[in-house]
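Here the structure is laid out as structure tokens; the discussion comes afterwards.
Numbers for residues simply follow the sequence, beginning at 1. When a ligand or atom number is given, it counts from 1 through the structure's own listing order. Quantities reported herein were computed from a predicted structural model and do not represent experimental measurements.
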Amino acid sequence: MKDDLQLSSEILELLLRSPWRFVCNANRTDQQNFFIFLRFTVLLAYSVYVAWLSDPEVVMLSRLSRCSKTASLTVRQIKAVNLIATQPLSTANGDHQQSSSSSSNIFPATIVFGSVAALLYVLNREDGRFKKSALREFIDAETASLKKKLANKNLPEHVPYVLIGGGTAAYYAALTIRAYKPDSEVLIIASEGETPYNKPPLSKELWLYGNDKTFRTLEYIGVTGKKRDIRYESDGFYLNPGALKEFKHGAVAIIRNTTATDIDPVKKQVTLDTGKKVSYDKLLIATGGKPKIPYPFYIPHMRNKVLTYHNVSDFQRLHYIAHNSKSILIFGNGPVASELAFSLESKFGREKLQIVHAFSEDYPMQHSLPPSVGEQVETALKGAGVVVASKHKPLFIDKLPSGQVEVIFENDGKKKRVIVDHIVVADGITPSVKLAESAGLEIDDTIGGIAADSKLKTSNPDIFVAGDVAAYVDPIQGRVRVEQWENAQITGRLAGQNMTGNFKDFHHPSSFNSLFGHYIHLNGVGRLDSSLETVAVFAPVDKDDPDSAKGVVFYVQDRKVLGVLLVNVFGLGIELSRKIIADQKEIADFVQLAKLFDIYQPPTPEESEAATDTDRQENPEKSRPQEVVPTAESPADSQAKATTTA
Ligand SMILES: Cc1cc2nc3c(=O)[nH]c(=O)nc-3n(C[C@H](O)[C@H](O)[C@H](O)COP(=O)(O)OP(=O)(O)OC[C@H]3O[C@@H](n4cnc5c(N)ncnc54)[C@H](O)[C@@H]3O)c2cc1C
């Protein structure tokens with residue numbers, strides 16, 4: 001009986017999912033979608049209604065088997081629906097009597113069903129878009145639960161390579177395992193509903209270069225003019241876990257909407273939230289992190305007003321919120337908060353949506369940028385129309401009767417009140433180490449994350465780590481944990497390789513980039529930590545093109561470079577930076593070193609002097625960070641000297 005009821009819920013999901021899929025098909029016009037949706041609903045209404053009033057055993061099966069062609073139902077599932085349908089009408093005789101009159105009731109029933117469907121359709125559209133409505137959320141959740149049940153049903157008991165976390169690190173580990181061992185079977189356990197995807201566009205490209213359907217398609221137009229999907233692979237790339245054993249040459253399978261809840265390192269077994277267990281030979285933990293919610297933003301009854309920003313479903317929710325709000329406060333001081341503020345304001349414009357970007361520090365991205373570059377980011381944000389509220393320490397939040405949210409900040413000793421429609425908190429992450437802790441793996445309490453050696457091996461020789469959660473040994477900096485996309489890619493690849501027994505040490509510091517439209521493009525390598533001594537070398541700004549500021553910032557310890565930030569510098573700068581960091585030479589003259597990068601334009605002596613003055617006024621404290629603006633030199637000169645320095 002219980003099993004039948006479970007199946008009943010499955011069939012309900014299928015029935016709901018199918019019409020939704022029809023209307024959401026981006027390849028059809030809205031009109032076509034609408035009529036397909038209506039037709040399906042009419043068919044459904046007809047089948048259910050007739051079955052309800054007829055012989056439960058015969059009519060229901062025959063009617064629903066028609067639907068089953070579309071919704072791919074099994075006879076067992078059809079019987080399950082039959083069960084729900086017949087429960088209220090338990091007097092079988094009465095049902096038989098009603099069956100003769102059923103045809104006369106078909107039309108009113110169909111009209112009612114059709115009208116409800118049409119109404120739902122209209123209510124769920126706005127400005128040509130679907131709202132992330134309660135209905136859609138319900139259907140998404142039901143669909144996810146169905147997928148989860150199906151994938152768990154046929155889960156193999158043993159898979160040689162099990163990867164926990166369906167993000168960038170797990171994806172690249174899977175590819176690398178298959179590259180080194182082409183016949184290997186790999187299983188990715190992912191708690192999200194999406195297959196692995198690229199997160200950086202969530203705060204930039206999807207807003208700036210997406211279209212009305214982006215929230216659903218997750219596509220945008222890339223710099224080459226071609227469509228780009230943030231998912232690394234289409235669904236077809238991944239197998240359903242049940243099919244894994246059928247492939248002689250192995251494959252990558254994924255089980256979505258499923259969280260690993262426990263690791264037994266002795267039995268080499270992972271337990272899932274469905275209660276299923278899968279054993280492994282080698283295990284990867286690439287669980288990333290969870291968004292931090294600083295005080296006072298974590299208040300349970302305000303949950304529908306405060307959104308964290310970390311994954312696709314946050315993007316989809318914010319997409320809906322942004323289209324239906326007049327003001328949003330974005331709190332946080334990392335790149336994600338600043339990029340998101342810039343992207344939203346650039347997309348909507350302040351007349352439609354006012355973005356307030358608040359943080360407790362003095363300037364944006366203060367933890368990684370020196371003041372001069374932070375100020376450039378602030379200028380870019382203000383240029384886009386963002387209200388930048390620096391030095392705003394949040395004290396209190398509350399919901400107003402109007403439905404808006406009030407936030408009280410402390411700013412320079414005074415209380416400031418900001419009222420907005422919604423709040424987005426993007427204030428960094430806490431690495432997800434719970435699983436590793438429960439498995440008795442070593443955790444790095446200083447920098448957070450799961451402790452690993454330079455081969456990304458944890459304190460257990462069969463368990464590896466990669467991505468945001470990995471605290472591994474870097475040859476120059478010692479133990480590090482890096483929250484960057486390229487780090488997830490590099491460590492994912494390396495962990496995958498090492499899991500196959502082809503051991504190699506970590507040696508390649510990752511780079512990151514951050515983008516504020518055409519105003520400022522940041523590329524960084526190594527340790528970008530503004531608590532280190534920083535030396536910024538900027539070419540004088542071309543007064544006809546004030547956005548052209550080009551420069552290099554060196555993050556230095558004992559005159560050795562640990563990190564390099566390139567501001568509007570492209571080309572080979574990243575590779576060069578890696579080499580400078582790897583060399584670990586004591587640098588006597590950073591201006592000379594900067595000449596290796598393509599930052600110079602020939603300015604006039606007056607411009608150069610003016611730039612130096614401005615810089616001194618802005619940065620009276622010369623010791624940290626030290627701002628150096630070189631005097632005018634021709635590019636040829638700088639090139640000649642740079643060669644000598646190298
Ligand atoms: C909006 C945004 C913009 C960003 N922009 C940039 C950028 O411009 N440049 C840059 O370098 N970096 C950027 N980053 C950071 C970068 O995306 C991350 O460093 C990278 O995604 C980390 O990859 P990961 O695989 O370690 O973790 P994630 O991508 O977070 O993936 C981890 C996955 O594991 C899942 N998971 C967790 N626990 C379990 C469990 N127990 N069972 C199953 N699954 C589990 C999570 O749900 C998640 O899907 C950005 C991040 C965000 C959120």
(request) State whether Lys434 and Glu437 are salt-bridged, where the test is any N-O pair (Lys NZ or Arg NE/NH1/NH2 against Asp/Glu carboxylate O) under 4.0 Å. (result) no

(request) State plainly whether the residues Lys579 and Glu575 are in salt-bridge range, i.e. N to O under 4.0 Å. (result) no

(request) Take every heavy atom of Ser203, measure it against each atom of ligand 1, and state whether any distance is under 4.0 Å. (result) yes

(request) List the closest protein heavy-atom neighbour of atom 52 (C) of ligand 1: residue, atom name, distance to the nearest 0.1 Å. (result) Val336 CG2, 3.9 Å

(message) Ring-plane angle category for Trp485 and Tyr172, please: parallel below 30°, perpendicular beyond 60°, tilted otherwise.
(response) perpendicular

(message) With a heavy-atom distance limit of 4.0 Å, tell me whether Thr259 approaches ligand 1 through its side chain, its backbone, both, or neither.
(response) both

(request) Would you please determine whether Ser514 falls within less than 4.0 Å of ligand 1 on a heavy-atom basis? (result) no

(message) Give me the nearest non-hydrogen protein atom to atom 45 (C) of ligand 1 as residue plus atom name, then the distance to 0.1 Å.
(response) Ser191 OG, 3.2 Å

(message) Need the ligand 1 atom indices (1-based, order shown) with element for anything under 4.0 Å from a heavy-atom of Glu483.
(response) 19 (O)

(message) Evaluate Ser511 for polar contact with ligand 1, using N/O atom pairs at a separation under 3.5 Å.
(response) no

(request) Check ligand 1 against Ala488 and write out every atom of the ligand that is under 4.0 Å from a heavy-atom position of the residue. (result) 22 (C), 23 (O)

(request) Before accepting this row, confirm whether a basic side-chain N of the pair Glu219/Lys213 lies closer than 4.0 Å to the acidic partner's carboxylate O. (result) no

(request) Pull out every atom of ligand 1 sitting under 4.0 Å from any heavy atom of Gly467, numbered as shown with elements. (result) 26 (O)

(message) If you define the side chain from C-beta out and look only at heavy atoms, does anything of Val312 sit under 4.5 Å from Ile230?
(response) yes

(message) Keeping Arg481 on the side-chain end and Ile447 on the backbone end, is there a donor-acceptor pair under 3.5 Å?
(response) yes

(message) Tell me whether Thr258 reaches ligand 1 (any heavy atom closer than 4.0 angstrom to a ligand atom).
(response) yes

(message) Evaluate Ser514 against Glu339 for side chain to side chain donor-acceptor pair (under 3.5 Å), listing each step before the verdict.
(response) CA-CA 7 Å; Ser514 191; Glu339 288 168 359; 2.5 Å; yes

(message) Suppose we measure from atom 27 (O) of ligand 1 to each protein heavy atom; which comes out shortest, and what is that distance?
(response) Gly288 CA, 3.5 Å

(message) Using a 3.5 Å distance criterion without hydrogens, assess whether the side chain of Lys277 forms a donor-acceptor pair with backbone atoms of Thr271.
(response) no

(message) For ligand 1, which is the ligand I care about here, please tell me if Lys199 has any N or O atom under 3.5 Å from one of the ligand's N or O atoms.
(response) yes

(message) Any nitrogen or oxygen of Asn513 lying under 3.5 Å from a nitrogen or oxygen in ligand 1? Just yes or no.
(response) yes

(request) Would you please determine whether Lys290 falls within less than 4.0 Å of ligand 1 on a heavy-atom basis? (result) no

(request) For ligand 1, find out whether one of its N or O atoms is nearer than 3.5 Å to an N or O atom of Trp485. (result) yes

